[in-house]
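For reference, the structure discussed in these notes is given below.
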Amino acid sequence: MAELPIKSAQNNLTQADIILLSQAVQRLETSSVAARIGYLLGMPIEKALAALPGHWSTIVSRITRTALEKALDAALLSLKPDARLKPAGNKAHKVLVGISGAVGGSFGITALAAELPVSATLMLRSIADIARSYGEDLQDWDTRMACLTVFALSGGRGPSPDGADTSYYAVRSFLSKAIGDTSNHIAVHGFSKEGGPMLVKFLNAVSSRFSVPVSEKLAAQSLPVLGAVGGASVNLIFMEHYQQMAKAHFTVRRLERCYGKAQVENAYQQILRENIKALRT
């Protein structure tokens with residue numbers, strides 16, 4: 001990690017918070033679920049993706065969108081308020097999602113439509129638990145949209161295949177309009193059929209990002225050599241990746257509540273530039 005810059009945007013952050021923000025930058029910009037799956041397979045994930053029929057990308061996009069809808073209904077809409085700042089219970093979610101992946105891995109590519117909603121719901125529950133442990137109000141719709149936002153965080157810096165910037169604040173900017181529309185509408189009208197179009201817009205934006213790692217997961221689990229054990233391992237990789245993304249995301253949001261969004265974003269970008277500069281030297 002680069003030496004911590006100490007001027008301009010960061011001059012009001014404590015040294016402890018600069019360290020926390022630097023750790024969040026490291027996770028949000030460099031952690032790669034594709035690289036971890038490739039390591040498990042013993043080959044680049046691109047080779048596994050190449051074995052999938054071309055039409056599967058459309059099918060995966062539809063499955064991903066449906067999975068997020070079901071996860072929202074099962075996980076977020078049923079959450080009860082809990083203001084206790086206790087540690088998130090991540091282990092239980094990992095065990096359950098591993099079992100889900102083992103079942104999916106046993107049946108291969110055809111099981112994705114049944115398995116992904118279960119995995120996504122468990123993941124979203126874990127993300128929400130992490131959000132609560134960082135002081136977020138789970139009854140606040142902005143928090144609930146922030147939980148869903150985690151699925152759009154790929155952890156890899158640079159352009160995506162569709163040319164969009166995948167860096168953390170670029171993704172948040174991409175989603176911000178949909179988040180604002182959704183939260184504001186529900187705040188006025190409540191969650192009802194009238195709020196549907198706004199929520200559809202937001203879910204479409206998130207699922208367009210989440211479908212990329214889901215395709216990688218599908219490609220890995222469709223390999224005959226992987227089986228049930230490999231399916232469980234892929235799901236554990238998924239769960240751990242998004243738990244790490246959630247911890248970093250809600251660290252940034254906690255700092256934004258303390259110092260203001262503009263200052264934290266400026267400090268974040270400054271740390272990121274220093275890290276990139278260090279890698280080039």
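Numbers here are sequence positions counted from 1. None of these values were measured; they are calculated from a predicted model.
Connection of Ile18 to Tyr268 is established within a shared hydrophobic cluster, with ILVMFWY side chains joined at heavy-atom distances below 4.5 Å, either directly or through further cluster members. Val150 and Leu20 sit in two unconnected hydrophobic clusters of ILVMFWY residues. Membership requires side-chain heavy atoms under 4.5 Å apart, directly or through other members. A chain of hydrophobic side-chain contacts below 4.5 Å, direct or via other Ile, Leu, Val, Met, Phe, Trp or Tyr residues, connects Leu28 to Phe174. A continuous path of ILVMFWY side-chain contacts below 4.5 Å connects Ile271 to Tyr169, so both sit in one hydrophobic cluster.
Aromatic rings from His249 and Tyr168 are positioned such that their centres are separated by under 6.0 Å.
Separation of atoms CZ (Arg144) and CD1 (Ile127) is listed at 14.5 Å; rounding is to 0.5 Å. With rounding to the nearest 0.5 angstrom, the OG atom of Ser22 is 8.5 Å from the CD atom of Gln15. Residue Ile59 holds its CD1 atom at 11.5 Å from OG1 of Thr64, rounded to the nearest 0.5 Å. Considering CZ of Arg62 and OG of Ser207, their distance stands at 12.5 Å, rounded to 0.5 Å. Here Leu272 contributes atom CG and Gln26 contributes atom CD; the two are 10.0 Å apart, rounded to the nearest 0.5 Å. In this structure, CD1 on Ile37 lies 9.0 Å from NE2 on His241, to the nearest 0.5 angstrom.
Between Pro117 and Thr66 there is no side-chain heavy-atom pair separated by less than 4.5 Å. A heavy-atom distance below 4.5 Å is not found between the side chains of Glu115 and Val118. Using a 4.5 Å cut-off on side-chain heavy atoms (C-beta onward), Ser31 and Gln244 make no contact. The side-chain heavy atoms of Leu255 and Phe250, taken from C-beta on, include no pair separated by under 4.5 Å. Considering only heavy atoms from C-beta on, Thr251 stays 4.5 Å or farther from Gln23 through its side chain. Val214 is not listed as a side-chain neighbour of Ile63, based on a closest heavy-atom distance of 4.5 Å or more.
Here Glu256 pairs with Arg172 under the salt bridge (charged side-chain N to carboxylate O under 4.0 Å, His left out) rule; sequence neighbours left out. For Lys70, there are no side chain to side chain donor-acceptor pair (under 3.5 Å) partners at least two apart in sequence or on another chain. Scored by the side chain to side chain donor-acceptor pair (under 3.5 Å) test, Asn204 finds Arg65 as partners (sequence neighbours excluded). Evaluation of the side chain to side chain contact (heavy atoms under 4.5 Å, CB included) rule for Ser61 yields Ser211 as partners, not counting sequence neighbours. For Arg273, the salt bridge (charged side-chain N to carboxylate O under 4.0 Å, His left out) criterion is met by no residue, not counting sequence neighbours. In this view, Tyr259 satisfies the ring-ring contact (aromatic ring centres under 6.0 Å, His included) rule with no residue, not counting sequence neighbours.
With hydrogens and angles ignored, the 3.5 Å screen pairs no side-chain donor or acceptor of Ser173 with any backbone N or O of Ala170. The backbone N or O of Arg125 lies less than 3.5 Å from no partner atom in the side chain of Asp129, so there is not a single donor-acceptor pair.
Counting all heavy atoms, side chain and backbone alike, Leu21 lies closest to Ala267 at CD2-CB, 3.7 Å. Closest non-hydrogen pair, Ser215 versus Val60, comes out as OG-CG1, 3.4 Å. Here the closest heavy-atom approach between residue Val206 and residue Ala152 is recorded as CG1-N, 4.2 Å. Nearest heavy-atom pair across Ala120 and Ala67 is CB-O, 4.2 Å.
Arg253 and Asp142 are joined by a salt bridge, as a carboxylate oxygen and a charged side-chain nitrogen come within less than 4.0 angstrom of each other. Between Arg36 and Glu216 there is no salt bridge, since no side-chain nitrogen of the basic residue lies less than 4.0 Å from a carboxylate oxygen of the acidic one. We find that Glu136 and Arg257 are joined by a salt bridge, their nearest charged nitrogen and carboxylate oxygen being less than 4.0 Å apart.
Within the cation-pi definition used here (under 6.0 Å to the ring centroid, within 45° of the axis), Lys217 qualifies as a partner of Phe238.
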* To do: Give the C-alpha distance, both sets of side-chain angles, the deciding distance and a yes or no for side chain to side chain contact (heavy atoms under 4.5 Å, CB included) between Ile276 and Arg280.
  => CA-CA 6 Å; Ile276 293 171; Arg280 291 175 177 173; 3.6 Å; yes

* Asked: Between Gln263 and Asn12, is a side chain to side chain contact (heavy atoms under 4.5 Å, CB included) present by the stated rule, with each step listed?
  -> CA-CA 9 Å; Gln263 183 173 346; Asn12 289 330; 3.0 Å; yes

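For residues 204-223, the ring-ring contact (aromatic ring centres under 6.0 Å, His included) pairs, not counting sequence neighbours, are Phe151-Phe210, Phe210-Tyr242. Residues in residues 13-24 take part in these salt bridge (charged side-chain N to carboxylate O under 4.0 Å, His left out) pairs, two or more places apart or across chains: Asp17-Arg254.
Using modelled atom types and a 3.5 Å distance limit, the side chains of Ser119 and Asn235 yield a donor-acceptor pair.
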